[in-house]
Amino acid sequence: DAKTTQPTSMDCAEGRAANLPCNHSTISGNEYVYWYRQIHSQGPQYIIHGLKNNETNEMASLIITEDRKSSTLILPHATLRDTAVYYCIALTNTGNQFYFGTGTSLTVIP
Amino acid sequence: DAGITQSPRHKVTETGTPVTLRCHQTENHRYMYWYRQDPGHGLRLIHYSYGVKDTDKGEVSDGYSVSRSKTEDFLLTLESATSSQTSVYFCATGSVSGNTIYFGEGSWLTVV
């Protein structure tokens, strides 16, 4: 599975869009990009995943570059409850070993 | 949320004693995982299972063993607990299709 690189921490103003980047320059053609988040002391929560097309659901949007070497998770209107650690993972659809790394700590500021 | 129950949720034990953490799921998911989480290390995979009696090691498996005799239960055992195993332990499950995994609420283990 490809290694992913994320910034250690980010801040975002409440009500603004939070854009969380992830670099996965060694991703292979059959590896999906997954995003999870973990609110303090809770179990991680699935957000979204995609292969090469942009994806959107009720929580977030995922933008994957055309060369698939990087992606951005977008929280369109960040709230204080979005303060969490966000994890980006690259994984094949037959591989089930999710390796999380240390993620990006997002702080939403009032 | 997937029906995942971890027990115990909190435990304090002494060095050298055996400890077993239980993960119980009601979703009939094939895949189950045990992770530990420590400051500065994020979530690290200990062991995982892809079916009854089928288990494999993750990235930090030393000092831990697992068993899966039923689809719904995945047990993590520390044969002889050490202070370095003080951590928060998370169980997760996943079905074959969709490949998304779901986490339990965690078990806080302190080894003194």
Side-chain angles (χ1 to χ4, degrees), chain A residues 1-10 20 22 27-52 55-60 62 73 81 84-106, chain B residues 1-7 9-10 21 23 25 27 29-51 54-61 66 68 74 87-109:
Chain A
D1 301 322
K3 178 180 170 59
T4 60
T5 304
Q6 301 176 251
T8 302
S9 62
M10 295 180 62
L20 292 93
C22 180
I27 197 169
S28 61
N30 63 346
E31 286 184 308
Y32 288 71
V33 179
Y34 286 79
W35 283 85
Y36 281 74
R37 74 179 182 183
Q38 185 176 24
I39 296 170
H40 182 63
S41 298
Q42 298 181 19
Q45 174 191 26
Y46 167 78
I47 302 173
I48 199 168
H49 74 284
L51 183 62
K52 53 184 177 181
E55 302 287 344
T56 295
N57 63 21
E58 65 278 4
M59 291 182 67
L62 173 60
L73 179 75
R81 288 175 294 181
V85 177
Y86 288 78
Y87 298 96
C88 169
I89 303 156
L91 184 72
T92 67
N93 61 357
T94 56
N96 280 279
Q97 300 169 39
F98 280 74
Y99 292 103
F100 278 75
T102 54
T104 296
S105 177
L106 174 70
Chain B
D1 291 335
I4 302 171
T5 306
Q6 293 186 226
S7 60
R9 293 291 313 281
H10 298 271
L21 306 180
C23 178
Q25 57 130 338
E27 301 296 317
H29 284 171
R30 176 180 175 185
Y31 294 88
M32 297 187 76
Y33 308 80
W34 276 109
Y35 289 86
R36 62 176 289 174
Q37 186 167 39
D38 307 288
H41 290 280
L43 280 156
R44 293 182 291 175
L45 181 63
I46 305 172
H47 281 281
Y48 62 101
S49 169
Y50 33 94
D54 279 330
T55 65
D56 208 344
K57 297 178 179 180
E59 57 189 320
V60 289
S61 60
V66 289
R68 186 142 178 232
F74 193 33
S87 188
V88 183
Y89 292 85
F90 287 99
C91 172
T93 74
S95 62
V96 175
S97 63
N99 214 28
T100 301
I101 64 172
Y102 302 92
F103 283 81
E105 290 304 307
S107 293
W108 275 254
L109 177 67

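Proteins come first, then strands; the chains are lettered A, B, ... in the order of their sequence lines, and each starts at number 1.
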Self-check item: Closest approach of B:Y33 to A:F98 (non-hydrogen atoms, all atoms of both residues)
Solution: OH-CD1, 4.4 Å

Quiz item: Where do B:H41 and A:T102 come nearest, in terms of heavy atoms and distance?
Solution: C-CG2, 3.8 Å

Quiz item: For B:D38, what residues pass the salt bridge (charged side-chain N to carboxylate O under 4.0 Å, His left out) criterion, not counting sequence neighbours?
Solution: B:R36, B:R44

Say you draw a straight line from [atom1] of [X] to [atom2] of [Y]; how long is it, rounded to the nearest 0.5 Å?
X      : Y      : atom1 : atom2 : result
B:I101 : A:L91  : CD1   : CG    : 8.5 Å
A:Y36  : B:Y102 : OH    : OH    : 7.0 Å
A:Q38  : B:F103 : CD    : CZ    : 8.0 Å

Self-check item: Region of B:Q37 in contact with chain A, defined by heavy-atom distances below 4.5 Å
Solution: side chain

Can you check whether [X] reaches [Y] side chain to side chain, under 4.5 Å on heavy atoms?
X     : Y      : answer
A:S41 : B:W108 : yes
A:Y87 : B:L43  : yes
B:L45 : A:F100 : no

Quiz item: Would you say A:H40 has more than 12 foreign heavy atoms packed within less than 6.0 Å of its NE2?
Solution: no

Quiz item: Among all residues two or more places apart in sequence or in another chain, which pass the ring pair (Phe, Tyr, Trp, His ring centres under 6.0 Å) test with A:Y86?
Solution: none

